[in-house]
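Here's the structure we're looking at; comments come further down.
Ligands are counted one by one from 1 in listed order, and the atoms in each one are counted from 1 as well.
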Amino acid sequence: MRKFSISKTTARTMLKAEKRFNAILQKSKNCKIPYDQLYSLEVVQKMCETKEKTNKKKYFVLIVAAAFLFAYLKLFKESECFIEMPSEASKIFREPENCDICTNTFEIPKIQNISKDDFENLFIIPGKPLVVTDGTKNWLAAETFTFDFFKNLYESTQDDDYSKSDCQFFPYKTEFQSLKDALNMSTKRSRLEPGTLPWYIGWSNCNNKAGSILRKYYDRPYFLPNKSENIALSWIFMGGPGFGAHMHVDNVQYPSWQAQLRGTKLWKLAPPPECLYKCRQLEVTVATGEISKMAPMIYTLYGFAIFFFVFWCALWIIHLIAIFYGKYRLHSKFSPQSAEVPYPGVSILKPLMGVDPNLFANLETFFTMNYPKYELLFCIEDDTDPAIMLVRSLMEKYPKVDTRLFIGAAIIGVNPKINNMHNAYEAALYEFILISDSGIRMKEDTLQDMMNHMTDKIALVHQMPFSSDRSGFAATLEKIYFGTAQSRIYLTADCIKINCHTGMSALIRKSVLDEEGGLKTFGCYLAEDFFIAKAFTDRGWKIRICSQPAMQNSGICDINSFQLRLTRWAKLRVAMIPFVMIFEPLTECMVIGGFAAWSVGVLFQWDSIGFYLIHVLIWFICDWILLTIVQNGSLPFNKFDFVIGWLFRECSGPYLFLHALLNPTIRWRTRVYKLAWGGIAQEIKPRIKF
Ligand SMILES: CCCCCCCC/C=C\CCCCCCCC(=O)N[C@@H](CO[C@@H]1OC[C@@H](O)[C@H](O)[C@H]1O)[C@H](O)/C=C/CCCCCCCCCCCCC
Ligand SMILES: O=c1ccn([C@@H]2O[C@H](COP(=O)(O)OP(=O)(O)O)[C@@H](O)[C@H]2O)c(=O)[nH]1
């Protein structure tokens with residue numbers, strides 16, 4: 001039995017009927033009834049009729065479909081596709097772009113004299129845009145192609161097949177229905193005269209006669225590779241400002257170029273939606289005579305991204321050097337020198353100014369040092385300074401310690417610390433000088449440790465600034481700063497032999513300083529420490545840090561004075577070494593993290609926020625490791641205090657540096673100075689009497 005296209009109910013009925021009919025056939029066979037007699041049955045005749053009718057219907061449908069196909073092919077025989085995709089649907093169903101064509105492209109380069117090979121390799125193959133500024137040299141089109149020229153051209157060539165199906169006309173925002181309509185606008189309007197409606201139109205030329213005339217006025221651009229094909233269809237766009245084409249997709253299969261024959265045109269290239277997070281919008285203004293090819297290139301921003309990324313990598317190397325060098329150099333055990341080679345004598349200069357709550361205890365540590373031969377030379381500028389009383393009481397307490405008190409400063413330069421120490425320096429007995437600031441606390445063996453590092457080629461041994469254990473947030477902050485941000489640079493600089501001597505505690509070979517003219521030579525600088533070390537290294541001597549960090553233990557410990565001190569130091573550094581102005585802020589975790597996060601976004605398309613957070617976390621961990629190395633024992637605060645103190649320091653650091661840059665005058669204790677580039681200081685206000 002044949003099956004027809006039928007509903008389910010009908011199919012079931014037919015199946016039943018078929019079964020019954022088969023049963024009848026079987027019965028008729030069993031009863032030996034011939035088949036031709038069955039045909040006489042009414043039901044069989046009806047069934048045959050239905051089959052014939054159905055066949056006729058089928059033939060009819062086939063004929064109609066063939067007729068439609070024939071008509072369609074006749075009508076649309078020029079179309080490439082059997083069924084055209086509606087233009088809106090083609091945008092939805094277009095294949096996604098490979099974003100490599102626009103990733104890392106921030107600018108459209110303007111180039112001249114480009115070779116065919118360069119054009120092909122640098123722009124065509126990677127699909128990048130460019131503007132060739134000498135693209136239309138020797139063309140007559142720039143002078144010839146005017147509105148009137150096109151009007152005359154099309155009027156004189158109208159009989160050519162002007163209405164070809166591939167002739168396209170874009171009226172944009174104008175009211176024109178066709179090119180003919182547009183070319184018929186008033187002369188005033190065509191010249192964009194004030195008071196007339198603006199216009200901007202574009203069309204593809206499909207007029208063969210007009211095409212061959214047009215081609216006399218321009219050439220194939222010189223930079224197009226020989227093998228590149230030229231499509232005969234030319235597009236012409238003209239009009240005034242403000243009425244240009246809207247943002248659209250040019251669905252062209254080949255790279256295209258556009259010559260700017262008159263005026264200028266702003267091109268905006270937007271990435272397709274699938275590349276929005278990888279590419280950015282580009283803009284370029286193409287001037288008369290320039291040819292632009294659409295696509296981008298890596299430029300200044302890319303250069304910056306590489307710079308920041310490399311700088312960021314260098315900082316991680318500095319982190320590692322500081323950690324490993326700190327572990328190796330700091331707190332190393334030493335064996336005291338044998339009695340046969342006795343320790344040389346040391347004259348210790350203690351410049352004092354005023355009294356703080358810890359001064360007595362700090363000074364006392366100098367009377368109890370385990371060092372065989374030294375003298376203590378206290379220098380106090382002002383004879384009314386209460387520090388005099390304090391020193392005298394210590395001298396009485398430790399009469400066996402060789403101690404002298406120098407009251408009154410020599411005026412040999414602007415640096416008050418040098419002025420204060422000058423008389424004592426001149427009276428010093430020993431071949432080594434220890435300059436030690438008032439807030440420094442010594443351990444019994446600190447001077448031994450310093451002297452142990454004073455080998456033959458070394459003329460200056462200094463202590464890396466750190467701070468003693470004190471309570472309060474300001475003390476925590478100080479310890480975090482000196483044990484992390486400053487130690488990092490200090491240790492790395494010492495490791496790679498860069499001068500970063502801070503003069504709060506420095507053992508100096510006096511003979512070398514005398515060769516430089518003594519302390520007074522450095523009285524013109526506020527940062528005498530830096531210039532002393534520089535003079536030594538210039539003479540071929542080495543400087544190095546000892547294994548014990550300097551324990552600053554001033555009794556004045558508050559956030560404001562700490563920040564003022566850091567700002568003052570920053571001003572000194574900037575004046576002495578101007579490159580610090582740019583590089584120092586970049587050594588800050590939060591600042592370089594931001595730049596590096598941006599860089600990796602540009603260079604590798606990594607997620608900037610995630611990168612930044614990981615950067616801060618690892619930086620934080622490295623700082624914690626370094627701080628524990630510098631402390632070499634349990635810290636006087638817990639991890640939570642460290643987190644708060646560290647965040648405060650890291651966030652305030654860049655601000656303090658900026659503040660230092662914006663306010664270059666320097667206030668140091670009772671005096672105010674200004675610094676010239678190079679570090680020479682000048683006092684600008686008379687001394688303030690407290
Ligand atoms: C790729 C890396 C580039 C690195 C750029 C480095 C920028 C510097 C960053 C941080 C600064 C930390 C510097 C270390 C300590 C400086 C402390 C300081 O400023 N001290 C000055 C003031 O000291 C007091 O001055 C008055 C005196 O009487 C007191 O007794 C002193 O305590 C001091 O004058 C300056 C000393 C030297 C400063 C040198 C700074 C340049 C450091 C460049 C190091 C580069 C290391 C690069 C590692 C790769
Ligand atoms: O006018 C001054 C300023 C400072 N000093 C001494 O110089 C050393 C460093 O001073 P300060 O601690 O103020 O400098 P900082 O370490 O903050 O740069 C200390 O011993 C001060 O007593 C001095 O003798 N006269």
Tell me the contacting part of [X] for ligand 1: side chain, backbone, both, or neither, using a 4.0 Å heavy-atom threshold, strictly below.
| X | result |
| --- | --- |
| Ile318 | side chain |
| Trp668 | side chain |
| Arg568 | neither |
| Ala314 | neither |

Which ligand 1 atoms, with their elements, are less than 4.0 angstrom from a heavy-atom of [X]?
| X | answer |
| --- | --- |
| Ile577 | 40 (C), 41 (C) |
| Asp529 | 23 (O), 24 (C), 25 (O), 31 (C), 33 (C), 34 (O) |
| Phe530 | 37 (C) |
| Phe311 | 1 (C) |
| Ala527 | 34 (O) |

Open item on the list: Around atom CZ of Phe604, are there more than 12 heavy atoms from other residues, nucleotides or ligands closer than 6.0 Å?
Closed with: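 Correct, the count exceeds 12.
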Is there a donor in the side chain of [X] and an acceptor in the side chain of [Y], or the other way round, less than 3.5 Å apart?
| X | Y | answer |
| --- | --- | --- |
| Lys350 | Ser436 | yes |
| Asp445 | Gln548 | yes |
| Glu375 | Ser347 | yes |
| Gln631 | Asp469 | yes |

What orientation do [X] and [Y] show, parallel under 30°, tilted 30 to 60°, or perpendicular over 60°?
| X | Y | result |
| --- | --- | --- |
| Trp312 | Trp316 | perpendicular |
| Tyr398 | Phe367 | parallel |
| Phe583 | Phe307 | tilted |

- [ ] Inspect the contact between Glu426 and Arg404 and indicate whether a charged nitrogen and a carboxylate oxygen are less than 4.0 angstrom apart.
- [x]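 Glu426 and Arg404: not salt-bridged.
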Task: Residues Asp437, Lys417: salt bridge by 4.0 Å N-O rule - done: yes
Open item on the list: Exactly one of Phe620, Trp619, Phe640 should register a ring-ring contact (aromatic ring centres under 6.0 Å, His included) with Trp646. Which one does?
Closed with: Phe620
TODO: Using heavy-atom distances, let me know which of Ile489, Leu315, Leu572 sits nearest atom 44 (C) of ligand 1.
DONE: Ile489
- [ ] Ignoring hydrogens, just give me the one of Ile496, Leu526, Ile582, Thr502 whose non-hydrogen atom is nearest atom 17 (C) of ligand 1.
- [x] Thr502
Task: Non-hydrogen side-chain atoms of Val401 and Leu376 separated by less than 4.5 Å - done: yes
Open item on the list: Distance under 4.0 Å, heavy atoms only, partner ligand 2: which residues pass?
Closed with: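 These residues qualify: Pro351, Leu352, Met353, Pro416, Lys417, Asn420, Asp437, Ser438, Arg565, Arg568, Trp569, Trp668, Arg669, Arg671.
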Task: ligand 1 N/O within reach of Arg573 N/O, cut-off under 3.5 Å - done: yes
TODO: Look at atom 2 (C) of ligand 1 and say whether a protein heavy atom is found at less than 4.0 angstrom from it.
DONE: yes
